[in-house]
Protein chains: 2
Amino acid sequence: MSDTEYVSIWMRPERPARGPKPAYSRAQITEAAVRIADAEGLEAASMRRIAAEIGAGAMSLYRYVPSREDLVELMYDHVFGEQALPDRPSGDWRADLTLMAHAMRATLLRHPWVAVAPRGRPSIGPNQLRLTEFGAGALDLGIPIDDILTYAGLLHGYVANVTRDELAWIEEKRRSGMSPEDLMVRNSPYVRRLLASGRYPMFQRIVMDARQPHMSMDERFAYGLERVLKCIEAALPDDVREAAAERARNAVSSSGGAVGAEG
Amino acid sequence: MSDTEYVSIWMRPERPARGPKPAYSRAQITEAAVRIADAEGLEAASMRRIAAEIGAGAMSLYRYVPSREDLVELMYDHVFGEQALPDRPSGDWRADLTLMAHAMRATLLRHPWVAVAPRGRPSIGPNQLRLTEFGAGALDLGIPIDDILTYAGLLHGYVANVTRDELAWIEEKRRSGMSPEDLMVRNSPYVRRLLASGRYPMFQRIVMDARQPHMSMDERFAYGLERVLKCIEAALPDDVREAAAERARNAVSSSGGAVGAEG
DNA sequence: TCTTCTTTGCGTACGGCGTACCCAGTGGAG
DNA sequence: CTCCACTGGGTACGCCGTACGCAAAGAAGA
């Protein structure tokens, strides 16, 4: 039945009892891999390269990690562990989601490969689980769990989308040394041709808007985030929205730190 | 300056004038690659494998495509060309976005690798551009272009998220032959351990909800989609919402008369 | 028509990848 | 002290993307 079944990396114990002491550790390997991926991209973090980074032989890594795929999983969860979030939602769901969104954006900007990494099965490492608990808990306002998931997904999708775009800009800028507006219109013959054809009015407006960056990246993110939260808020049933607002007022006035009420 | 600059695949002409007639074509290669990726995953569609599929030598492909990365771009755009959408939005933005969301889900389900494929730079092939025009055009209700993009991104993110989850379920089910509820709770020791710890109440509710699949995948998708559209609608300014509703009524009554908005 | 020259299909080869297998050495359990 | 599960890691295999070079093809210029 479950003979050759897939075993989650999170179930695999790091080290057994017997034998000589391991010279390295999962955490050490994961951190080295993240360091390389941050600097040179995920594909540069090959097993040999990581091993070299920590001064080990290539095959030694397989004593700690069953495969590279699992290592990427570890890396993925590791970077989300940097996000310093309160243990529990404060009770002010807008504030909590805003906090989480900014933390996530910061993580993606710090580790660009995360935004691009192929997300296969929904991995649930401890840190991602913590985030899920926080985000879903913030939205636990008395609406169905399906709705909670949908809204949390919307927020996640927004942050991922916007930040991926932002990263693409940054990357393009770094590679060419040009400003975004020059890149978009002046330097790209393809885009110029599309605009000249006149058949893409919406695309034209998008480009033209990017041409006059009336907002910084930060402002754009915050503006869109506000939009998304307004979306969610507006979709809540009236009684739920009012109760949530009431709870938020209490959360702000009562607790000085992170942890809200609840007992 | 732009000597070794990156040249978009969409600018590269397929064939020049001189020389012998090519034996293959970009479309043929792209279709073969998609066929393989559909059946065995994106990574199975290697250059050698694709070449074998069409009976060519491995290196012959490079006469048609500058690199595998560009070929993936072609594949990506190709599958979005299957979506049969009207040339223009109908004027009923909810209907239009619903149509687009279902078409996108169908495409992702038909080509699972698309949902997982690493999305680096925002590629703008002709078919994706057509989709952008349609989606953004449907949301062109007199709101800022930034808002249009945010809302379109929300919808896109929702469809991508939900369908990726759905695909993960399907894949897991195919590999193990078990039903989702068994998979989630009974078969996964890791999930069982997490639940037993009692420290993840929201996660527990998510799992328990999945354990009692009160909705089919289709229903779940449609329900969430309705939620998202309601979100967007609720966030629109009152006058915009009413004007849009009025336009939708006209669009329904009149058959082909579609577009009204413009500069 | 014949020559010229670009473009074709593609065989060979290189460096790099993930990782299976094997080995000698290590150190806790009995 | 003996045993043997474990360690680090060298070697090797089969893949990958693709640079390079060459003979054949066939349109352009004579």
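Throughout, protein chains are lettered first and strands after them, A, B, ... in sequence-line order, and every chain is numbered starting at 1. Excluded from the calculations below are hydrogen atoms, water molecules and symmetry mates; all remaining heavy atoms, backbone and side chain alike, are included.
Rounded to whole angstrom, the span from the CD1 atom of B/Ile50 across to the C1' atom of C/dC10 amounts to 16 Å. Atom CD1 in A/Ile36 sits about 10 Å away from atom P in C/dC17, given to the nearest Å. Following rounding to the nearest Å, A/Lys21 (NZ) and C/dG25 (C1') show an atom-to-atom distance of 17 Å. Atom pair A/Leu42:CG and C/dG16:C1' shows a separation of 16 Å (rounding to whole Å applied). Following rounding to the nearest Å, A/Gln28 (CD) and D/dT7 (C1') show an atom-to-atom distance of 15 Å. Atoms CD (B/Glu43) and P (D/dC16) sit 10 Å apart, rounded to a whole Å. The CZ atom of B/Arg48 sits 13 Å away from the P atom of C/dT12 (whole-angstrom rounding). Whole-Å rounding puts the B/Glu40 CD to D/dC15 C1' distance at 15 Å.
Note: A/Tyr64 and A/Tyr24 have perpendicular aromatic rings, judged against thresholds of 30 and 60 degrees for the angle between ring planes. Ring orientation note: the planes of B/His111 and B/Trp113 are nearly perpendicular, at an angle over 60° on the 30°/60° scale. Ring pair A/Tyr200/A/Phe203 is perpendicular by interplanar angle, where above 60° counts as perpendicular and below 30° as parallel.
When all heavy atoms of A/Ala136 and B/Met202 are compared, the closest pair comes out as O-CE, 3.4 Å. Looking at every heavy atom in both residues, A/Leu167 comes nearest to A/Leu108 through CD1-O, 3.8 Å.
Between B/Asn127 and B/His78 the shortest side-chain heavy-atom distance does not fall below 4.5 Å.
Judged by atom type and distance alone, A/Arg63 reaches the base of D/dG9 through a side-chain donor-acceptor pair under 3.5 Å. Scanning atom types as modelled, no donor and acceptor separated by under 3.5 angstrom connect the side chain of B/Arg68 and the base of D/dG17.
Across all strands, B/Ser60 comes closer than 4.0 Å to base atoms (heavy-atom distances). A/Ala56 comes within 4.0 angstrom of sugar-phosphate atoms only, judged by non-hydrogen atoms across all strands, and of no base.
With sequence neighbours left out, the ring pair (Phe, Tyr, Trp, His ring centres under 6.0 Å) criterion links A/Phe221 to A/His102, A/Tyr158.
Relative to the side chain of A/Tyr64, the nucleotides D/dG26, D/dT7, D/dG17 differ in distance, and D/dT7 lies closest. In this structure, of C/dC10, D/dA25, D/dG17, it is C/dC10 that holds the atom nearest to the side chain of B/Met59.
Close to C/dC10, at under 4.0 Å from its OP1 or OP2, lies a side-chain N or O of B/Tyr24.
An angle of 10°, rounded to 10°, separates the two end axes of the helix from C/dT1-D/dA30 to C/dG30-D/dC1, each defined over five pairs.
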